[in-house]
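Some notes on the structure that comes next.
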Amino acid sequence: MSSKFVTRPDKLIFNNLVWDTVRKIPHGQVATYGQIAGLIQPPGGVKEQTYKAFGARWVGSAMASCPEDVPWHRVINAQGKISLRSTSGAGIQRELLESEGVNFDERGRINLKQYQWDGIESKPPNEKR
DNA sequence: TCCTTGACTCAGA
DNA sequence: CTCTGAGCCAAGG
């Protein structure tokens with residue numbers, strides 16, 4: 001068995017990078033998909049525009065199968081809201097974040113200005129809004 | 001092989 | 001501030 005164990009190493013690497021980055025998120029802080037996408041490096045052969053448009057989505061896609069070691073609940077969308085396909089888990093995410101000290105708005109929104117992970121090392125040019 | 005969905009983001013009203 | 005529409009490319013059924 002050593003022929004088809006890894007069909008897409010790049011994708012696995014990308015997912016691994018995502019999980020690793022998410023694991024890097026400190027306690028009591030949150031990060032957005034686009035932020036993570038900007039922190040990690042895109043797989044080779046991908047266009048910048050493609051990564052910009054789908055980087056965040058790939059992160060979420062990778063999260064669809066995130067291990068329990070990954071604090072996926074600390075990952076939210078750029079709107080500062082919980083983004084989940086199913087309501088199941090979203091409630092859990094809210095509780096988990098609240099348990100970490102993250103306050104939610106009445107609409108279930110988080111104050112990114114206060115909780116967004118400022119551990120940006122690559123410092124993406126995303127400082128608007 | 002074709003079609004549909006997709007843990008998103010930005011811009012405009 | 002909130003809501004809606006359009007865009008981008010890939011993976012799964």
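If you're wondering where the values come from, they're calculated on a predicted model, not measured in any experiment. Order of the sequence lines sets the chain letters (A, B, ...), proteins ahead of strands, with each chain counted from 1.
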Side-chain donor or acceptor of A:Tyr51 paired with backbone N/O of A:Ala37 under 3.5 Å: yes
Integer-rounded Å distance: C:dG12 C1' and A:Trp58 CH2: 16 Å
Taking atom types as modelled and ignoring hydrogens, do the side chains of A:Gln35 and A:Gln116 form a donor-acceptor contact shorter than 3.5 angstrom? yes
Tell me if the CD atom of A:Glu98 is crowded by more than 12 foreign heavy atoms within 6.0 Å. yes
For A:Gln49 and C:dC9, give me the distance from atom CD to atom P, rounded to whole Å. 6 Å
Kindly say if A:Arg109 contacts the phosphate of C:dT2, meaning a side-chain N or O under 4.0 Å from OP1 or OP2. yes
According to a strict under-4.0 Å criterion, is A:Ser61 in side-chain N/O contact with OP1 or OP2 of B:dG6? no
Which whole-number value in Å describes the distance from A:Lys52 NZ to C:dC9 P? 12 Å
Which is true for A:Ala78 with a 4.0 Å heavy-atom rule: it touches a base, it touches only sugar-phosphate, or it touches nothing? sugar-phosphate
Grab the CZ-C1' distance between A:Phe14 and C:dA10 for me, whole Å please. 12 Å
Starting at CG of A:Leu112 and ending at C1' of B:dC10, how long is that distance when rounded to a whole Å? 15 Å
Are the side chain of A:Asp105 and the backbone of A:Arg107 linked by a donor-acceptor contact shorter than 3.5 Å? no
Roughly how many Å is it from CG in A:Asn77 to P in C:dC3, rounded to a whole number? 13 Å
Side chain of A:Arg74, backbone of A:Ala31: donor and acceptor closer than 3.5 Å? no
May I ask you to verify if any side-chain N or O of A:Arg57 is less than 4.0 angstrom from the OP1 or OP2 atom of C:dC9? no
From the candidates C:dC3, C:dC8, B:dT9, the one with an atom nearest any side-chain atom of A:Arg107 is C:dC3
May I have the distance from A:Glu48 (atom CD) to C:dC8 (atom P), rounded to whole angstrom? 15 Å
Please state how far atom CE in A:Met63 lies from atom P in B:dG6, giving the value in whole angstrom units. 18 Å
Among B:dT9, C:dC8, C:dA10, which is the nearest nucleotide to the side chain of A:Ala56? B:dT9
